[in-house]
Amino acid sequence: MLFSKWEENSGRSYAIPRPDPGLDEALTADLSQSLEKLRGFCGGTADLQINRITASEVPMAFVMFEGLVNYQTLLLGAAGPLESAVAAAVGCSREKLPAVIERELFLSGDKKRFSTYRELIGFIASGFAALLIDGAAEGIAFGVQGFSFRSVGEPSSETNLRGSREGFAEPIRINMSMVRRRMKTPSLCMKLLKLGEKSNTDVCILYRSDRAAPAMVQEVERRLSEAVFDSLLDSGYLRPFLESGPFSLFSGTNVTERPDTLCAKLSEGRIGILVDGSPFAVVAPTLFAEHFQSADDYSERPYYAVLMRLIKYLAFFLTMLLPGCYVAAVEYHPELLPAELLFRVAEAESGMAFPLMAEALFVHFLYELMREAGLRLPRPVGHAVSIIGALVIGDAAVTAGLVSTPMVMVVALTTISSFVVPSLYEPLTLLRLVFILLGGTLGLYGVVLGLCFVGANLCSVTVLGVPATSPEMPFSGYAMRDTLLRMSWKWLGRRQFLVSRTAGTGQNDAAAQDRQREGDTRL
């Protein structure tokens with residue numbers, strides 16, 4: 001009774017994504033009737049442009065959406081050549097005109113014929129100019145895109161000291177060309193599909209046919225084809241469909257703004273996903289060890305790259321465990337602290353109004369509040385909010401006795417270390433609060449139990465048949481040359497590191513076996 005009542009109420013507020021009705025109807029040979037139906041499907045929208053022309057006494061019409069087409073390219077390529085192309089079709093019926101014009105007219109490199117209203121609207125919404133001909137039940141779409149977009153620039157979230165300064169932009173075609181320019185091999189495959197019942201967003205699956213396991217590629221295609229959206233607006237919408245389950249703290253996928261990073265992942269047998277309108281490419285599967293690696297590691301000397309990775313691992317454990325261990329040590333295990341330090345901590349905590357665990361939770365909540373405010377506000381105002389929060393509010397809280405000075409230092413160190421591994425910021429923020437609660441209630445025993453739970457949860461993450469903890473678990477000694485340590489390129493370049501899918505029977509697919517015979521290394 002209660003469930004039926006809830007379902008009835010939710011049905012009034014939510015709508016199931018459904019395709020637009022009637023769009024699969026075929027075009028008619030009557031030009032005026034086709035244009036009238038097109039106006040009806042578009043609801044009389046103001047940005048629909050219909051330009052009627054006549055070439056060799058044949059009525060035609062160019063259809064496009066305003067602002068998506070390069071008018072100069074369209075005019076220069078269609079004014080004279082279209083007249084001559086129609087004139088060359090003397091003796092042909094109007095039904096064959098689309099095929100003749102497609103062959104004779106080089107208006108753009110991307111030319112496609114269509115026969116339904118769904119295809120017509122999809123093309124013109126993507127920046128194509130559609131040519132409809134009276135007497136033909138087919139049309140031709142010319143790729144003359146001219147919409148405005150953000151130019152290719154340096155990635156904002158993955159800065160590096162050396163290497164490429166190019167980052168992905170929003171148009172998917174530009175992103176595909178940036179990958180192709182870096183990998184001039186016929187084994188680089190790109191498959192396009194459309195997702196979103198209303199948005200019809202272009203999604204591109206990238207992989208190398210000589211590296212990626214065919215079963216893994218098929219699994220990604222199957223999962224994406226089963227994804228149901230009303231509108232697909234960002235690549236992050238697709239990540240839950242590729243991951244193993246909703247109860248894992250860590251993700252088995254990652255995103256990147258760098259074309260060179262995506263090319264490196266594709267060379268290891270992974271699969272990349274580009275979404276039109278998003279500058280972030282999804283990479284699947286992603287290993288946990290890769291969160292502590294960067295593009296600069298492979299351009300610098302090996303010993304320095306090893307040092308940086310060790311610092312990142314240290315920052316990871318500091319961010320996750322330091323506040324909880326501090327609360328546990330002061331509350332339950334004061335004998336673990338040196339005498340001088342214990343005396344100073346006890347003196348600082350003697351005049352506080354709240355317990356130590358409440359202090360830690362309050363300070364972290366205050367920090368997240370200021371961070372979110374500084375992130376969402378305009379950049380100049382955001383910096384001012386951060387400075388005011390750090391100086392004024394922090395000092396006032398210590399003076400008022402709400403927070404002790406040692407706790408402020410612990411939170412400051414934790415905050416700095418959390419930005420060392422930015423891709424793990426979300427799980428670390430949650431784990432930091434969890435360990436504070438465990439340390440404040442169960443002491444160090446609770447911290448150890450929580451750490452065991454985190455390890456078990458991490459080991460349970462498997463994406464597309466690849467464990468996220470590889471190559472540590474299951475262990476692969478040869479693959480450790482580029483995990484915690486990083487060997488020289490004299491060693492890394494000898495054999496290509498691969499991440500391939502293992503089938504449920506425990507046997508590798510045929511392609512993976514062939515690669516293994518060739519001397520490649522597999523996780």
Side-chain angles (χ1 to χ4, degrees), residues 205-208 211-227 235-256 261-262 264-273 280-293 313 316 320 421 423-428 430-431 434 450-480 482-484 496-513 515-516 520-523:
I205 303 175
L206 303 92
Y207 63 93
R208 282 184 55 178
R211 297 300 186 195
M216 185 185 297
V217 177
Q218 295 174 5
E219 180 67 14
V220 171
E221 293 179 1
R222 183 189 66 83
R223 294 189 183 187
L224 293 183
S225 62
E226 295 176 355
S235 58
Y237 291 18
L238 301 177
R239 295 181 66 181
F241 295 92
L242 303 174
E243 296 173 353
S244 56
F247 301 106
S248 176
L249 298 174
F250 301 94
S251 174
T253 62
N254 202 1
V255 295
T256 179
T261 300
L262 179 59
K265 302 303 181 184
L266 297 180
S267 299
E268 295 176 352
R270 306 171 203 268
I271 299 174
I273 301 174
F280 292 91
V282 179
V283 180
T286 297
L287 307 182
F288 181 72
E290 292 177 327
H291 294 289
F292 305 93
Q293 302 172 3
Y313 276 101
F316 170 77
M320 182 173 57
V421 191
S423 59
L424 291 176
Y425 185 85
E426 295 178 6
L428 283 179
L430 178 61
L431 289 174
V434 171
L451 195 59
C452 293
F453 169 78
V454 171
N457 185 267
L458 178 60
C459 292
S460 67
V461 178
T462 302
V463 177
L464 302 177
V466 178
T469 53
S470 302
E472 292 89 352
M473 290 183 292
F475 182 75
S476 175
Y478 193 78
M480 295 298 293
D482 190 23
T483 306
L484 181 60
Q496 180 64 45
F497 180 82
L498 292 181
V499 176
S500 62
R501 186 178 188 271
T502 302
T505 59
Q507 301 294 328
N508 297 332
D509 55 85
Q513 290 181 2
R515 291 193 296 268
Q516 193 173 9
D520 293 334
T521 302
R522 181 186 64 83
L523 287 184

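Put simply, the side chain of S423 does not reach to within 4.5 Å of the side chain of E290, judged on heavy atoms. A heavy-atom distance below 4.5 Å is found between the side chains of V466 and L287. Counting heavy atoms from C-beta on, the side chains of T469 and V461 never come closer than 4.5 Å. Using a 4.5 Å cut-off on side-chain heavy atoms (C-beta onward), T286 and K265 make no contact. Within the 4.5 Å cutoff, no side-chain heavy atoms of L206 are placed close to those of I273. With contacts defined as side-chain heavy-atom distances shorter than 4.5 Å, the pair V255/V283 does not qualify.
Pairing each heavy atom of L249 with each of N457, the nearest pair is N-OD1, 2.9 Å. Shortest non-hydrogen contact noted between L266 and G272 is CD2-N, 3.6 Å. When all heavy atoms are compared, the tightest approach of S267 to R208 is OG-NH1, 3.2 Å. Residues S225 and R222 share a closest heavy-atom pair of OG-O, 2.7 Å. Closest approach of R239 and S251 over heavy atoms only: NH2-OG, 3.2 Å. Closest of all the heavy-atom pairs between M216 and P285 is SD-CD, 3.9 Å.
In this pair, F250 and F316 present their aromatic rings tilted. The plane angle is within the 30 to 60° band.
The closest donor-acceptor contact from the side chain of R211 to the backbone of E268 lies at 3.5 Å or more, if one exists at all.
In summary, E226 and R223 do not engage in a salt bridge, as defined by a charged side-chain N under 4.0 Å from a carboxylate O.
Neither side chain, S248 nor E243, offers a donor N or O lying under 3.5 Å from an acceptor on the other.
Atom CG in L262 sits 11.5 Å away from atom CD1 in I271 (nearest 0.5 Å). Interatomic distance, CD of E426 versus CG of L431, reported as 12.0 Å (0.5 Å rounding). With rounding to the nearest 0.5 Å, the separation of CG in L464 from CD in E219 is 6.5 Å.
Aromatic rings of F241 and Y237 (six-membered ring for Trp) have centroids beyond the 6.0 Å cut-off, not under it.
Taking a 6.0 Å sphere around CD of E221, one finds it holds more than 12 heavy atoms contributed by other residues, nucleotides or ligands.
With sequence neighbours excluded, no residue forms a ring-ring contact (aromatic ring centres under 6.0 Å, His included) with F453. Under the rule for a ring-ring contact (aromatic ring centres under 6.0 Å, His included), F280 has no partner lying at least two apart in sequence or in another chain.
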* To do: Decide side chain to side chain contact (heavy atoms under 4.5 Å, CB included) for F288 and L424; before the verdict, give the C-alpha distance in whole Å, the side-chain angles of both, and the deciding distance to 0.1 Å.
  => CA-CA 10 Å; F288 181 72; L424 291 176; 3.9 Å; yes
